[in-house]
Novice: 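This is the structure I want to talk about, given as structure tokens.
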Amino acid sequence: MNKVLKEKTMKAFGSVLPITVIVLIASVALVPMPSGNILLFIAGSALLIIGMGFFTLGADMALKPMGEGIGIQFSKRSKLFLVTIISFVLGAVIITADPDLQIAAKQFDNVIPYWHLATTVALGTGFTLLIAVLRSLFKIRLSILLLVFYGIILSVSYFTTDLFIHISFEAGAIATGPVVVPFVLAIGVGMASLHCNKNSLDESFGLLALALIGPVLATLIMGIFHKPLGNQITAHVFPEVSTSRDVFKAFAVEMPVFFEEISISMGCVFFCFIVFQIIYRRYHRHRLGRIAVGFLYTLIGLVLFFTGVKVGFTPMGIVFGSTLAVSSYSWVLIPLGAALGYFLVIAEPDVFIFNKQVEEVTEGAITTKMMNGGLAIGMAIAMSISMARILFGIPLIWILLPGYVLALLLTFFAPRIFTAIAFDSGVVCSGPISVTFLLPFAFGVAQGAERDIMNYAVGIVAIVAMTPTIVIQLMGLLYQFKAKKAHALTDAMTASICNVTTYTAIDWDKITVFDEVI
């Protein structure tokens, strides 16, 4: 176990190191930063790395087998009414337990009361997870549901305010965080594992894409009837540090808070699992013990991870963004944002789990390397667009509307497996790193550029969730083109070889065949 933990921690180190180096170099060359902020950032990076190691190990031991077992049980279609109830409750409870939602809801507390937003998002997620489960059971094509639901979202958005449009897309992208992603992904794999048809790979993915739609639609509907308390988000309060003792104190103060919140969250998930186990009695004693240990690793990992990013990354993000925005070379935010996005996405814990699962489910046809490259390009594009949007005052709807129209159009041409993976990948990219570093970074840029935070900074996570849906589907089209070309070449080679006469030479680029008549 120690060997596995060490391996996962080293992978996390390799993912976090590039972004840490970029920020530190920029803080010296472009934006001189207070030494206290740099100390917090370095210490936060260390906690983030250790936390990712524990979390990914815990997810493999607990969240993944739990989700797969639930998905397998669902796919048997026994007691369909009970399956629908459990799906709805699971979606609502798991999303409420996710730390990403807690952080996001508190940031918007001055606009919408915390429990109003959290309850709305939970109900929306429960509904769409129910739809996702039924879609897999009854073999409904994902692209049809995406077209229907995004059409409904577009229609409802005409009846609500711009403020709620910004919050709804942000809430949808943020809500599906580190607890929701591995659990829901595993449910999809479990449900598809009993189907031996040509579409079973497609059915392994798509649940996350639908889970994201629920919070967006529910928040938009709430916006029609709910009057906002204001239009300013909760201000961040940062600790003042100048010595290593101050740094230790800053983390020591926040860690118990996160431990309490995440313990409650994980307790809710564990309670749901116990109820499921009592009803179906699926797991034996040995497996239950392993899952319990996995829960403990997940708890430790999430506490360390969120403490690191909240205390170390969030202050750096705001100060970094605001200082660059008021400088004479504010234009550098666009290429710098692309570089940050390119390397930051690999540091997302959900991306680790998602890409590994894609490679396993497709049996290596879609590799982790392919997914890392596609998601990194998508994130770089998203950050470039987001920085340009803040600097030039571009409305969010001008970006999201054509972006999602293009993404939905591509569903008619891209391979179905790539469509399902693409819309899920948008969810995994908008994880805790985006919430605790990129969002504060955008707040800082908006403050420095003298832009309204709600209108121009809020929305960056929604853009981050959108661009991978386009890039991965384009990657699927390229993959399809190369596959067809390879098949055509293979057929031509086979036909020609069958007609070869003695000692005849055939050249295909670098391929030459010498043989007797077959």
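Reckoned from all heavy atoms, side chains included, excluding hydrogens, waters and symmetry mates.
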Novice: What's the spacing between Lys11 NZ and Ile49 CD1 if we round to 0.5 Å?
Specialist: 15.0 Å

Novice: Less than 4.5 Å apart, side chain to side chain, heavy atoms only: is that true for Phe320 and Leu336?
Specialist: yes

Novice: Of all residues at least two apart in sequence or in a different chain, which pass the side-chain contact (heavy atoms from CB on, under 4.5 Å) check with Ser87?
Specialist: Phe74, Val83, Leu130, Val133

Novice: Nearest heavy-atom pair of Ala338 and Met383: which atoms, and what distance?
Specialist: N-CB, 4.1 Å

Novice: Taking atom OG1 of Thr323 and atom CD1 of Ile318, what is their separation to the nearest 0.5 Å?
Specialist: 11.0 Å

Novice: Does any non-hydrogen side-chain atom of Thr314 lie less than 4.5 Å from one of Leu439?
Specialist: no

Novice: Decide yes or no on side-chain contact (heavy atoms from CB on, under 4.5 Å) for Ile377 and Met475, but give the supporting numbers first.
Specialist: CA-CA 11 Å; Ile377 291 171; Met475 187 173 74; over 6 Å; no

Novice: Considering non-hydrogen atoms only, spot the tightest contact between Ala457 and Ala442 and give its length.
Specialist: CB-O, 3.6 Å

Novice: List the residues meeting ring-ring contact (aromatic ring centres under 6.0 Å, His included) with Phe313, not counting sequence neighbours, and say none if there are none.
Specialist: Phe41, Phe437

Novice: Quick one, Ile353 and Lys64 - any side-chain contact, counting heavy atoms below 4.5 Å?
Specialist: no

Novice: Is any side-chain heavy atom of Arg389 closer than 4.5 Å to a side-chain heavy atom of Ile463?
Specialist: yes

Novice: Side chains of Met379 and Leu438: does their closest heavy-atom pair fall under 4.5 Å?
Specialist: yes

Novice: Compare all side-chain heavy atoms of Ile460 with those of Met387 and state whether any distance is below 4.5 angstrom.
Specialist: yes

Novice: Please report the interatomic distance CG(Leu220) to CD1(Ile167), rounded to the nearest 0.5 Å.
Specialist: 10.5 Å

Novice: Which atom pair, heavy atoms only, marks the closest approach of Ile22 to Ala339?
Specialist: CD1-O, 4.1 Å

Novice: Is the closest side-chain heavy-atom distance between Phe205 and Leu142 below 4.5 Å?
Specialist: no

Novice: Looking only at side chains, do Thr368 and Glu359 share a donor and an acceptor under 3.5 Å apart?
Specialist: yes

Novice: Quick check for you: to the nearest 0.5 Å, what is the distance between Leu410 atom CG and Ile472 atom CD1?
Specialist: 12.0 Å

Novice: Pick out which of Phe423, Phe149, Tyr150 makes a ring pair (Phe, Tyr, Trp, His ring centres under 6.0 Å) with Tyr404.
Specialist: Tyr150

Novice: Please check if the number of heavy atoms outside Phe13 that lie under 6.0 Å from its CZ is greater than 12.
Specialist: no

Novice: Could you check whether any side-chain heavy atom of Phe354 comes within less than 4.5 Å of a side-chain heavy atom of Met371, counting everything from C-beta outward?
Specialist: yes

Novice: Roughly how far, to the nearest 0.5 Å, is OG1 of Thr298 from CG of Leu302?
Specialist: 6.5 Å

